Structures are given as C-alpha cells and as structure tokens.
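Small disclaimer: the values here were computed from a predicted structure and weren't measured. One is the number of the first residue; the rest follow in order along the sequence.
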Amino acid sequence: MGHDLDLEFVSLTKRYGDTVAVDAISYHFEAGTYACLLGPSGCGKSSTLRMVAGHEVVSDGAVLLGGRDISHLQPARRGTAMMFQNYALFPHLSVADNVAFSLRMQGRDAAERRKKASEMLELVDMTGFADRLPAQLSGGQQQRVALARALITKPQVLLLDEPLSALDPFLRVRMRAELRRLQRELGITFIHVTHGQDEALALADEIVVMNNAFIEQAGPTRTVFEAPRTAFVARFLGSHNVISLAEGNFAVRSDALRLGPPDGAQLPGRIVNIEYQGTHVALTAAVAGDQEVTALLPDGDFFGNPKDLGEAVGLNWDSQAAHALTA
C-alpha cells in the first residue's frame with residue numbers, strides 16, 4: 001500500500017445507549033493532510049478518533065481509507081496507528097523495546113526489531129535513550145518514544161488524541177514544531193484531536209470544528225478562521241467578536257476594530273476592561289444590549305492615546321472585516 005490513501009467519514013455515527021456522541025458526520029481528508037478535530041469537551045471528537053482507530057465500535061456509517069471500508073477491521077489491520085494522551089508506555093520495558101513492541105506482537109525477529117526501533121528513535125531524535133526505562137525520561141522524551149512506537153508500523157494515518165495536553169506551555173510549542181516536521185517528512189495523514197484553538201491553528205492544514213456531536217464547520221484552516229459561519233465557530237476559534245444588531249448577527253475580528261469618538265461610530269460603547277498583552281492591548285467595551293466587544297490594539301496605538309475604564313468610545317471596522325453568521 002502506498003502513502004496516498006485518503007480518509008473519509010461517511011455518515012459516521014456513535015451511540016451510547018440513547019446518547020448520540022457522534023451524529024452522522026461526513027468529511028473527506030486528502031492523503032497527506034495534517035488535520036485537527038477541534039471542539040470543547042464532550043463534542044464527539046475523541047469518539048470519532050477512536051472509531052477510526054478501532055477502539056470504539058462504529059454504530060452507523062463507515063470509515064473509508066483509500067476507498068476501502070475499514071470500520072470492521074481489527075485495529076492492527078487498518079493502516080492506522082494511535083498515539084494516546086498519556087503515552088501508555090510499558091514501565092518495565094526499555095525505550096527500544098517499547099518502540100518495537102508491535103513488531104514483537106507480529107513475531108518479527110530480534111535483530112529486525114532492534115534495527116527498526118533504532119531507525120524510529122533516530123526519526124524522533126531519541127537515539128541515545130534506547131536502553132532507558134520510561135521513568136527515566138522527561139514528559140517530552142516519553143512523548144517522542146510514544147510517537148516512535150506509533151510510527152513503527154508504517155501507518156497511512158496517525159491518530160493523535162490531545163497529544164500535547166500533558167506538556168508545559170514551552171515544551172508544547174516545541175513539540176508542535178516537531179509534529180509538523182514529522183508529518184511533512186513522513187508525508188502521511190495526521191488526525192489530531194485538541195480543544196486548543198491555538199494548537200489547531202499552528203498545526204493544521206485543515207480543521208474540523210465539532211460541537212454537540214456535529215461538524216459545525218470544516219475546511220482549510222485559514223478559511224475557517226477568517227470566515228466563521230456560525231457564532232459558535234467564531235467564539236471557539238477566538239480573536240472574533242460576535243455582535244448582534246437589529247440588522248443581523250455577524251462576526252468581526254478583534255484586530256480589525258478601530259477606536260474613535262463615540263459620536264457617529266458604528267458601535268458606541270463604554271470601556272469595561274483593559275488588559276496589557278505585550279505587543280497588544282485588549283480593550284473590552286460594553287455595547288448595545290449587554291454585549292461585550294474586545295478590540296485588540298497594537299501597544300503603540302493604545303499608549304499613544306490611552307483610554308480609561310468607564311470612558312465612552314466608538315468602535316469602527318471596514319465592511320469586509322465583518323462576516324454574517326448563520327446562527
């Protein structure tokens with residue numbers, strides 16, 4: 001099998017008793033894509049990933065890999081590999097034996113296992129650690145071992161369930177770069193579940209935003225970010241304000257708002273919060289009908305013309321910066 005297999009969800013459904021965790025979702029991932037399933041806890045994203053992996057039974061619909069329905073195959077026969085959130089390494093096995101574990105299950109001989117494991121450890125930059133035990137590694141190192149272990153089976157699709165959530169913020173950013181590099185080098189599809197929008201934006205070629213068991217919006221990352229279709233997507237991706245006025249419901253990016261005098265402004269308001277964020281100042285204003293709107297101003301602009309809490313201001317934006325929302 002080549003590395004050119006696309007992945008498709010066809011009305012993929014998961015029910016637990018009367019609860020529908022994933023409700024007939026359909027989506028097509030091109031081969032070699034880095035995709036993020038993004039959404040709040042309980043939206044169905046992890047159940048979706050587990051159905052692809054074969055750790056959950058598909059209630060209805062199908063998962064196709066290269067046009068072939070893999071929904072009823074054993075996990076090891078699907079051409080997918082899963083990397084778990086807690087890394088799930090065997091504490092009593094060395095790093096090399098952890099990485100080679102699936103080859104041992106397949107009955108490959110020790111010399112071949114050793115060779116393949118060292119190739120994988122080189123890929124994730126862990127060559128010097130082959131004989132250590134997991135307890136002797138840092139969180140970031142354990143994660144690299146878990147990655148090597150998942151990749152040794154040469155999957156067409158790597159499934160990552162919140163893989164960075166256990167790491168501290170600095171390491172998280174480093175591992176993001178690492179995952180992106182690996183995905184490009186290997187040229188295989190990565191499907192990465194996260195609830196962190198910054199993680200999804202940093203990593204993914206395309207994002208699938210899930211909410212309440214449905215796909216709320218999906219597509220190329222920048223397209224979804226720049227033109228959210230629903231209030232949920234606009235809010236969840238952050239950096240947008242959702243504003244309801246008599247003429248309708250729309251989203252406008254925080255960095256597209258400009259301050260001016262309240263008279264004659266598109267949206268007059270009163271400042272309720274000012275937060276210094278380094279390069280920017282986030283200024284929140286209360287506007288029509290109990291709504292709050294945040295403008296992100298370059299620090300130079302704000303400090304060149306500072307404002308105070310309680311001050312009346314006007315907010316303005318260019319018409320192309322606002323996107324109508326369906327709900």
Could you tell me whether [X] and [Y] have a side-chain N and a carboxylate O separated by less than 4.0 Å?
X: Glu178; Y: Arg144; value: yes
X: Arg114; Y: Asp131; value: yes
X: Glu56; Y: Lys14; value: yes

Trace of the side chain to side chain contact (heavy atoms under 4.5 Å, CB included) decision for Thr189 with Gln156: CA-CA 6 Å; Thr189 304; Gln156 268 92 29; over 6 Å; no
Answer yes if [X] and [Y] sit in the same cluster of Ile, Leu, Val, Met, Phe, Trp and Tyr residues linked by side chain heavy atoms under 4.5 Å apart, and no otherwise.
X: Leu49; Y: Ile207; result: no
X: Met126; Y: Met120; result: yes
X: Val95; Y: Phe101; result: no
X: Phe129; Y: Leu151; result: yes
X: Met210; Y: Val20; result: no

Of the non-hydrogen atoms in [X] and [Y], which two are nearest, and what is the gap between them?
X: Ala282; Y: Thr294; result: CB-CG2, 4.1 Å
X: Pro91; Y: Pro134; result: O-CD, 3.6 Å
X: Gln217; Y: Thr230; result: OE1-N, 4.3 Å
X: Asp299; Y: Val281; result: CA-CG2, 4.3 Å
X: Val58; Y: Met51; result: CA-SD, 3.8 Å
X: Ala81; Y: Ala150; result: CB-O, 3.2 Å

By the ring-ring contact (aromatic ring centres under 6.0 Å, His included) test, which pairs, at least two apart or in different chains, include something from [range]?
range: residues 263-285; answer: Tyr276-Phe303
range: residues 306-327; answer: Phe250-Trp317
range: residues 130-172; answer: none

What distance separates [X] [atom1] from [Y] [atom2], expressed to the nearest 0.5 Å?
X: Thr153; Y: Met82; atom1: OG1; atom2: CE; result: 13.5 Å
X: Leu65; Y: Asp69; atom1: CG; atom2: CG; result: 10.5 Å
X: Glu199; Y: Thr194; atom1: CD; atom2: OG1; result: 3.5 Å
X: Arg50; Y: Lys45; atom1: CZ; atom2: NZ; result: 13.0 Å
X: Leu245; Y: Leu267; atom1: CG; atom2: CG; result: 6.0 Å
X: Leu164; Y: Leu179; atom1: CG; atom2: CG; result: 5.5 Å

For atom [atom1] of [X], is the number of surrounding heavy atoms from other residues, nucleotides or ligands below 6.0 Å larger than 12?
X: Glu122; atom1: CD; result: no
X: Arg181; atom1: CZ; result: yes
X: Asn212; atom1: CG; result: no
X: Arg180; atom1: CZ; result: yes
X: Glu185; atom1: CD; result: yes

Relative to the ring of Tyr27, is the ring of Phe29 parallel (under 30°), tilted (30 to 60°) or perpendicular (over 60°)? perpendicular
Can you label the angle between the His240 ring and the Phe225 ring as parallel, tilted or perpendicular, going by 30° and 60°? perpendicular
Would Leu147 and Leu160 count as a side chain to side chain contact (heavy atoms under 4.5 Å, CB included) if you check the C-alpha gap in whole Å, the side-chain angles of each, and the deciding distance to 0.1 Å? CA-CA 9 Å; Leu147 262 171; Leu160 303 122; 4.2 Å; yes
With heavy-atom distances below 4.5 Å as the criterion, would you say the side chains of [X] and [Y] are in contact?
X: Ile274; Y: Phe302; result: yes
X: Val208; Y: Glu206; result: no
X: Leu315; Y: Arg258; result: no
X: Ser11; Y: Asp60; result: no
X: Arg132; Y: Ser94; result: no
X: Asn241; Y: Ser254; result: yes

Check the pair Gln277 / Glu275 against side chain to side chain donor-acceptor pair (under 3.5 Å), numbers first and verdict last. CA-CA 6 Å; Gln277 297 181 345; Glu275 185 178 270; 2.8 Å; yes
Any chance you could lay out the side chain to side chain contact (heavy atoms under 4.5 Å, CB included) test for Leu158 and Ile188, step after step, and finish with the verdict? CA-CA 7 Å; Leu158 180 66; Ile188 63 176; 4.3 Å; yes
Check Thr48, Val193, Val52 against Leu159 for a side-chain contact (heavy atoms from CB on, under 4.5 Å) and give me the one that passes. Val52
For Leu237 and Leu38, what are the C-alpha separation, side-chain angles and deciding distance, and is it a side chain to side chain contact (heavy atoms under 4.5 Å, CB included)? CA-CA 9 Å; Leu237 288 181; Leu38 175 67; 3.5 Å; yes
For Asp161 and Ser46, what are the C-alpha separation, side-chain angles and deciding distance, and is it a side chain to side chain donor-acceptor pair (under 3.5 Å)? CA-CA 7 Å; Asp161 189 10; Ser46 286; 3.3 Å; yes
Centroid-centroid under 6.0 Å between Tyr34 and Phe190 rings: yes
Any donor-acceptor pair under 3.5 Å linking the side chain of Asn211 with the backbone of Glu216? no
